[in-house]
2 protein chains.
Amino acid sequence: MSETQFVTEARAPAAGEPERGEIELSAVLHALSDPVRLQIVGGLSDGVEHSCGSLDLPVTKSTCTHHFRVLREAGVIHQRHEGTSRLNSLRSGDLEARFPGLLDTVLRAAGSG
Amino acid sequence: MSETQFVTEARAPAAGEPERGEIELSAVLHALSDPVRLQIVGGLSDGVEHSCGSLDLPVTKSTCTHHFRVLREAGVIHQRHEGTSRLNSLRSGDLEARFPGLLDTVLRAAGSG
DNA sequence: GCAGATGTACGATAAACGTCGTACAATCGA
DNA sequence: TCGATTGTACGACGTTTATCGTACATCTGC
């Protein structure tokens with residue numbers, strides 16, 4: 001896991017991301033309710049930053065952009081710019097603080113289902 | 001809780017309900033991603049059967065019917081006919097068997113959020 | 001500067017969604 | 001039987017969604 005994932009203090013989120021305290025449950029559940037986005041979250045669950053293209057998703061680039069935006073605006077992921085890439089990571093710490101156990105439970109459910 | 005909720009054997013679902021093994025994670029998350037439906041699930045979380053009207057929802061009757069159908073077709077609730085009422089209950093046992101911890105975690109998140 | 005790589009922006013499109021109103025069906029009590 | 005209660009069916013409506021293609025922006029390496 002990256003060193004930013006288990007911090008317990010809320011940090012200032014990037015533009016377009018909700019703050020930790022403003023993450024809404026219904027938005028998170030909606031973000032996780034799409035199979036492609038569930039696949040993205042599963043791909044990010046190793047705690048390593050992944051670029052959008054490195055996840056080998058079954059949709060086109062522009063649809064990818066759409067799904068990453070939904071996840072970002074729901075507060076599920078963080079996007080960092082590096083070169084021509086956008087490095088994505090799960091906001092595990094923020095989600096764990098706001099909705100304890102939720103992300104892990106969903107990831108386990110996605111893995112076994 | 002009613003006596004049907006913690007059975008570990010899958011039972012034949014009513015028409016329109018998926019069987020235990022066919023409950024899909026994305027459908028469950030989508031069903032739970034609407035505030036009204038989250039309120040319904042919260043209202044049913046005492047384990048008691050509730051009629052549709054007894055939950056005092058902020059929408060009209062026909063919208064209620066719609067939300068209960070979404071929950072039923074996702075496998076989240078069971079509906080039983082009794083007189084002029086439809087008694088609703090959570091499929092806690094089936095959900096726990098299929099996606100362990102998911103329902104409890106979401107309900108706890110909904111309660112604190 | 002130029003070409004390639006990586007995403008985003010924008011518009012289009014078809015499907016699904018949440019909401020409502022009205023009409024209807026089923027049941028119960030008087 | 002008649003009226004009240006409870007919920008469903010159906011159609012309408014505006015919004016949102018998931019998807020794509022094309023065009024564009026940004027960065028890297030030559």
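Values below: all heavy atoms of this structure, side chains included; hydrogens, waters and symmetry mates excluded. Remember, predicted model here, so these are calculated numbers, not experimental data.
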**Q** Could you state the atom-to-atom distance from NE2 of A:His81 to P of C:dG7 in whole Å?
**A**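 These atoms are roughly 11 Å apart.
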
**Q** Within this structure, what is the CG-CD distance for the pair B:Leu90 and B:Glu96, rounded to the nearest 0.5 Å?
**A** 12.0 Å

**Q** Just the atom pairs and distances: protein N or O near nucleotides 10-12 of chain C's N or O, under 3.5 Å.
**A**
none

**Q** Is A:Gln79 near enough to C:dT8 that one of its side-chain N or O atoms lies under 4.0 angstrom from OP1 or OP2?
**A**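 True: A:Gln79 side-chain N/O within range (under 4.0 Å) of C:dT8 OP1/OP2.
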
**Q** With the threshold set at under 4.0 Å for non-hydrogen atoms, list the residues of residues 26-40 of chain B touching DNA chain D in residue-number order.
**A** none

**Q** Check side-chain hydrogen bond (donor to acceptor under 3.5 Å, both in side chains) between A:His30 and all other residues, then give those that pass, not counting sequence neighbours.
**A**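 Scan of A:His30 (side-chain hydrogen bond (donor to acceptor under 3.5 Å, both in side chains), adjacent residues dropped) gives none.
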
**Q** So which atom in A:Arg91 and which in A:Ile77 form the shortest heavy-atom distance, rounded to 0.1 Å?
**A**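 So the two residues come closest at CD-O, 3.5 Å.
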
**Q** Pair B:Leu103, B:Val41 - check side-chain contact (heavy atoms from CB on, under 4.5 Å), show working.
**A** CA-CA 9 Å; B:Leu103 185 58; B:Val41 172; 4.0 Å; yes

**Q** In whole Å, I'd like the distance from the NE2 atom of A:His50 to the C1' atom of C:dG7.
**A** 18 Å

**Q** Students often get this wrong, so: under 4.0 angstrom with heavy atoms, is B:Thr65 touching a base, only sugar-phosphate, or nothing?
**A**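 The residue B:Thr65 makes base contact.
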
**Q** Rounding to a whole Å, what distance do you find between B:His66:NE2 and C:dC17:C1'?
**A** 6 Å

**Q** Using whole Å, report how far CZ of A:Arg80 lies from P of C:dT8.
**A**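 Computing the A:Arg80:CZ to C:dT8:P distance gives 14 Å.
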
**Q** Applying side-chain hydrogen bond (donor to acceptor under 3.5 Å, both in side chains), can you list everything that pairs with B:Thr63, at least two apart in sequence or on another chain?
**A** B:Thr60

**Q** Holding to side-chain hydrogen bond (donor to acceptor under 3.5 Å, both in side chains), I want the full list of residues that pass it with A:His67, two or more places apart in sequence or in another chain.
**A**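 Expected list: A:Arg37.
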
**Q** Between CZ of B:Arg20 and CG of B:Leu95, what distance do you get to the nearest 0.5 Å?
**A**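 Result: 9.5 Å between the selected atoms.
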
**Q** Among residues at least two apart in sequence or on other chains, which ones pass side chain to side chain contact (heavy atoms under 4.5 Å, CB included) with A:Glu22?
**A**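 Partners of A:Glu22 by the side chain to side chain contact (heavy atoms under 4.5 Å, CB included) criterion, ordered by chain and then number, come out as A:Pro18, A:Glu19.
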
**Q** Scan residues 75-84 of chain B for pairs that pass salt bridge (Lys or Arg N to Asp or Glu O under 4.0 Å), counting only residues two or more places apart or in two chains.
**A** B:Glu49-B:Arg80, B:Arg80-B:Glu82

**Q** Taking only residues two or more places apart in sequence or in another chain, which ones pass side chain to side chain contact (heavy atoms under 4.5 Å, CB included) with B:Glu24?
**A** B:Ser26, B:Ala27

**Q** Just jot down the side-chain hydrogen bond (donor to acceptor under 3.5 Å, both in side chains) partners of A:Ser54, sequence neighbours excluded, or say none.
**A** A:Ser51

**Q** Using atom CZ of B:Arg86 as one end and atom P of C:dT27 as the other, report the distance to the nearest whole Å.
**A**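 One finds 8 Å between P of C:dT27 and CZ of B:Arg86, rounded.
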
**Q** Using chain A heavy atoms and a threshold of under 4.0 Å, write down where along DNA chain D the contacts begin and end, 5' to 3'.
**A** D:dT17 to D:dC27

**Q** Near DNA chain C, counting only heavy atoms under 4.0 Å, which residues of residues 52-61 of chain A show up?
**A** A:Cys52, A:Gly53, A:Lys61

